[in-house]
Amino acid sequence: MKILFSLLICLCFLSFRPSTGKTESTIRQGFYIHVQDHTDRTFHKFIVESKDSVDNIFERFFDAELDLGEVDRPITIFNGKRDFYIARVTVFETPDGKKKFKNLKYSSVYVKRAKLKPVTL
């Protein structure tokens, strides 16, 4: 009887579980950009989903001939006037309609070196 009752409760919980199709559609890949302008002491935070938007923001803050290129890992640029930080993130919408993000997990870039033997001459 206890097993039947616990099976019935589990079945009820599974039937009221939110669908996975709806949560997957609101999760997208995007970029988080944080710009600190030291000339007028302002902070700007952006959460965008397309590379074109990232390029427009980069051109707005930097008058340079450099292109941002692909963003595989977080990038920090400091030129004395502005701090520019960009990272790839997972973008999702909260129930109240605001965009939030979750940082991606990056693998370690450090390579373990084998212990070298000293050279004797």
Side-chain angles (χ1 to χ4, degrees):
M1 186 69 174
K2 289 182 182 180
I3 295 172
L4 182 63
F5 185 68
S6 62
L7 183 64
L8 184 63
I9 290 175
C10 290
L11 193 62
C12 288
F13 282 133
L14 289 176
S15 64
F16 293 112
R17 186 183 64 156
S19 64
T20 58
K22 185 178 179 183
T23 56
E24 289 176 4
S25 65
T26 60
I27 296 175
R28 297 173 297 277
Q29 296 297 319
F31 300 93
Y32 170 72
I33 302 170
H34 181 267
V35 181
Q36 181 180 0
D37 194 350
H38 295 289
T39 57
D40 57 358
R41 296 183 181 178
T42 57
F43 297 93
H44 306 279
K45 292 182 183 179
F46 304 97
I47 299 174
V48 295
E49 298 174 18
S50 67
K51 183 71 168 92
D52 295 333
S53 300
V54 172
D55 291 335
N56 288 338
I57 293 169
F58 185 74
E59 290 172 2
R60 180 176 143 196
F61 286 104
F62 293 103
D63 297 328
E65 297 177 8
L66 298 174
D67 188 22
L68 191 57
E70 288 296 317
V71 180
D72 293 333
R73 297 193 173 273
I75 299 171
T76 303
I77 300 171
F78 177 69
N79 69 350
K81 294 182 181 178
R82 292 178 186 92
D83 288 333
F84 185 84
Y85 173 79
I86 180 171
R88 292 183 62 117
V89 294
T90 302
V91 179
F92 61 93
E93 289 187 20
T94 59
D96 58 351
K98 294 183 179 179
K99 287 186 180 180
K100 297 256 180 166
F101 66 93
K102 187 185 284 188
N103 290 324
L104 296 178
K105 303 282 184 186
Y106 295 102
S107 60
S108 179
V109 294
Y110 300 108
V111 178
K112 258 188 170 176
R113 293 184 181 184
K115 192 170 184 178
L116 300 175
K117 295 182 181 177
V119 177
T120 56
L121 299 174

Shortest non-hydrogen contact from [X] toward [Y]:
X	Y	result
Thr94	Lys100	CG2-CG, 3.3 Å
Val91	Val48	CG2-O, 4.4 Å
His38	Asp83	NE2-OD2, 3.1 Å

Is Ile77 close to Phe58 at the side-chain level, that is, under 4.5 Å between some pair of heavy atoms?
-> yes

Are the side chains of Phe31 and Arg88 in touch, meaning some heavy atoms are under 4.5 Å apart?
-> yes

Indicate the ring-plane relationship of Tyr32 and Phe101, choosing parallel, tilted or perpendicular according to the 30° and 60° boundaries.
-> parallel

Using 0.5 Å steps for rounding, measure from the [atom1] atom of [X] to the [atom2] atom of [Y].
X	Y	atom1	atom2	result
Arg28	Thr90	CZ	OG1	11.0 Å
Lys51	Asn56	NZ	CG	10.0 Å
Gln36	Lys81	CD	NZ	15.5 Å
Asp37	Thr42	CG	OG1	4.5 Å
Lys99	Glu93	NZ	CD	6.5 Å

Are [X] and [Y] connected in the hydrophobic side-chain network, where two residues link if heavy atoms are under 4.5 Å apart?
X	Y	value
Leu104	Ile47	no
Phe46	Ile75	yes
Val89	Val71	no

May I ask you to check whether Phe84 and Phe61 place their ring centers less than 6.0 Å from one another?
-> no

Is it the case that Asp52 and Ser50 place a side-chain donor and acceptor less than 3.5 Å from each other?
-> no

